[in-house]
Amino acid sequence: RFQALLRSFAGDMIVRASRAQRLTQLDWKDIAEAHRLRGEVTEALAAAEQAAAQGGPIDAAIRPLLVSLRAQAAKESR
């Protein structure tokens with residue numbers, strides 16, 4: 001039940017962030033983390049790549065997220 005609540009909360013966060021006129025690097029990271037929490041690795045990786053491409057003050061936090069998501073995506077594609 002708690003996991004379902006977390007997934008629902010993450011879904012709400014994705015919707016709210018996606019409504020923004022211009023997403024910041026932190027918005028993209030939050031979207032990536034929310035998708036990851038929901039088990040949506042492809043979407044999480046796409047959002048993390050957007051965060052990295054945008055660049056900004058949290059570049060150092062984006063790099064390990066990208067590495068982890070790429071590894072998870074590769075593992076799931078086998």
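The first residue of the sequence shown is numbered 1, and numbering continues consecutively from there.
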*So, R38 side chain and R7 main chain: donor-acceptor pair closer than 3.5 Å or not?*
yes
*In Å and rounded to the nearest 0.5 Å, what is the CD to CG distance from Q54 to L26?*
10.0 Å
*Contact check, side chains of M13 and D30, non-hydrogen atoms, under 4.5 Å*: yes
*Any chance you could measure Q72, atom CD, to T42, atom OG1, to the nearest 0.5 Å?*
9.5 Å
_Atom pair CD/CD1 of Q25 and I62 - distance to nearest 0.5 Å_ = 5.0 Å
_Test: K29 and E33 ion pair at under 4.0 Å_ = yes
*Rounded to the nearest 0.5 Å, how far apart are CZ of R16 and CD1 of I31?*
11.0 Å
*ILVMFWY network linking L65 to L45, side-chain heavy atoms under 4.5 angstrom*: yes
*At what distance, to the nearest 0.5 angstrom, does CZ of R63 lie from CD1 of I58?*
11.0 Å
*Where A51 and W28 come nearest, the two heavy atoms and their spacing*: CB-CB, 3.6 Å
*asked:* Quick check against the 3.5 Å criterion: does S77 have a side-chain atom that pairs as donor or acceptor with the backbone of A74?
replied: yes
*asked:* If we ignore hydrogens and angles and just use 3.5 Å, is the side chain of D27 paired with the main-chain N or O of T24 as donor and acceptor?
replied: yes
_Could you report the tightest heavy-atom contact between A48 and A32, atom names first, then the distance?_
N-CB, 3.7 Å
*Straight-line distance of I14 CD1 to E43 CD, nearest 0.5 Å*: 8.0 Å
